[in-house]
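On a predicted model such as this, the values are computed, not experimentally measured, just so you know. Below, chains carry the letters A, B, ... as their sequence lines are ordered, and counting in each starts from 1.
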Protein chains: 2
Amino acid sequence: MDTALDRALRVFRERGYHATSIGDLTAAMRLATGSVYKAFRDKHAVFLAAFERYTALRQEQTRSAASRGSNGRERLRHVLLSYAEQSQGIEGRRGCLVVGSAVELSALDPVVGARVNAQLKTNESFIAGLIREGQADGSIPGHVEPDDTARLMICITQGMRVVGKARLALDGERLAGVAMKLLA
Amino acid sequence: MDTALDRALRVFRERGYHATSIGDLTAAMRLATGSVYKAFRDKHAVFLAAFERYTALRQEQTRSAASRGSNGRERLRHVLLSYAEQSQGIEGRRGCLVVGSAVELSALDPVVGARVNAQLKTNESFIAGLIREGQADGSIPGHVEPDDTARLMICITQGMRVVGKARLALDGERLAGVAMKLLA
DNA sequence: TTTATTCGGAAACGATCATTCCCTATTATC
DNA sequence: GATAATAGGGAATGATCGTTTCCGAATAAA
């Protein structure tokens with residue numbers, strides 16, 4: 001079941017919602033039409049389940065990246081590096097389901113829109129938390145505005161996914177290096 | 001003709017490519033089905049024409065915003081402010097056709113993919129040019145890396161459009177203020 | 001072994017899609 | 001003033017969409 005969802009996830013990431021047909025879905029999931037509709041109410045429900053799984057997986061990856069740092073500043077740097085890496089190459093071309101949903105569905109589908117909005121806010125407050133950690137442990141100056149900086153960093157990470165989809169190279173070390181100026 | 005294209009443009013920005021039917025298009029353009037197919041080869045051609053018009057219009061807006069600054073640094077600040085403003089409110093929810101095309105079509109449609117890629121590179125070198133101007137006129141320190149900084153700023157601007165679609169508020173002055181640290 | 005029950009597969013359904021065709025005005029030409 | 005040419009409007013068309021329904025196989029219960 002989770003493996004089938006992972007396969008659906010991949011198709012949605014590559015093709016978006018509207019461009020993936022049930023045929024694409026069944027081919028990727030190695031399931032027949034009837035079986036998909038036995039497991040899910042409709043295409044929208046498959047998408048929502050895939051979205052939920054994606055955010056859970058990505059959240060885990062991001063926390064794991066953060067944990068590689070020894071203080072707030074370093075944790076933040078590793079988060080940026082992780083985003084840059086994920087946005088590049090074959091994984092980058094596959095795309096981010098949150099960004100894809102924000103652009104393709106946020107304005108048309110209130111349910112998806114709410115989930116995208118919630119996910120962005122979660123990510124943002126996670127970053128703001130890392131900034132405050134850094135200020136507490138002395139690795140980030142106290143005059144840095146956590147909320148504004150976090151929102152800008154969300155723009156950076158989401159922007160990386162867009163740029164990565166368009167096949168522009170993203171040198172994680174250099175980009176993260178420049179971005180760390182925001183913590184000066 | 002240009003007004004019809006503007007109307008088509010708006011629909012594509014709001015709904016993306018796959019979710020806009022010919023019916024949506026004819027309703028927005030106030031034209032019958034046959035008339036649309038007399039003016040354009042197919043839906044894809046309408047989209048390409050709308051895309052071209054959009055990038056021309058946006059480029060003009062961005063250059064105009066840049067011209068409001070008196071030196072390289074200030075020009076860059078006005079560009080960021082312009083992007084933040086465009087990404088907000090009703091205009092932000094309408095979305096950016098470049099970002100939308102990058103996410104929805106870049107991987108599926110080579111023609112659109114190439115245009116998106118070219119547009120991003122144009123924007124990026126415009127920003128890099130402003131940075132170099134600033135370094136020449138003394139408003140930006142010489143140790144700033146123009147290319148890396150420009151690429152990161154492209155991530156910021158594209159990210160703003162994503163965040164704006166998801167209805168997160170973007171305070172232009174504050175965001176631009178934080179982003180200007182990248183020029184320190 | 002027999003009988004339910006569950007699960008996956010494939011054909012069939014109406015709806016909607018992009019596209020084409022034909023008709024009707026309107027303009028320009030002779 | 002008649003006629004050719006063109007531009008726009010709307011119905012018809014085949015294809016594809018999401019969804020439903022029905023059928024067969026496999027498993028568990030009796």
Contact check, side chains of [X] and [Y], non-hydrogen atoms, under 4.5 Å:
X	Y	value
A:V162	A:V103	no
B:Y83	B:L170	no
B:T149	B:L152	no
A:L183	A:R77	no
A:Q86	A:R58	yes
A:F126	A:Q59	no

Residues of residues 3-20 of chain B with any non-hydrogen atom less than 4.0 angstrom from an atom of DNA chain C: list those, numerically ordered, please.
B:T20
Short N-O contact, A:R132 and A:D147, less than 4.0 angstrom:
yes
Flag yes if more than 12 heavy atoms outside B:R167 fall under 6.0 Å of its CZ atom; otherwise flag no.
no
Nearest whole Å is fine: how far is C:dG9 P from A:L25 CG?
14 Å
Quick test: give all pairs of protein nitrogen or oxygen and nucleotides 19-22 of chain D nitrogen or oxygen below 3.5 Å, distance rounded to 0.1 Å.
{"residue": "D:dT19", "atom": "OP2", "partner": "A:Y37", "partner atom": "OH", "Å": "2.6"}
{"residue": "D:dT19", "atom": "OP2", "partner": "A:K43", "partner atom": "N", "Å": "3.0"}
{"residue": "D:dT19", "atom": "O5'", "partner": "A:Y37", "partner atom": "OH", "Å": "3.2"}

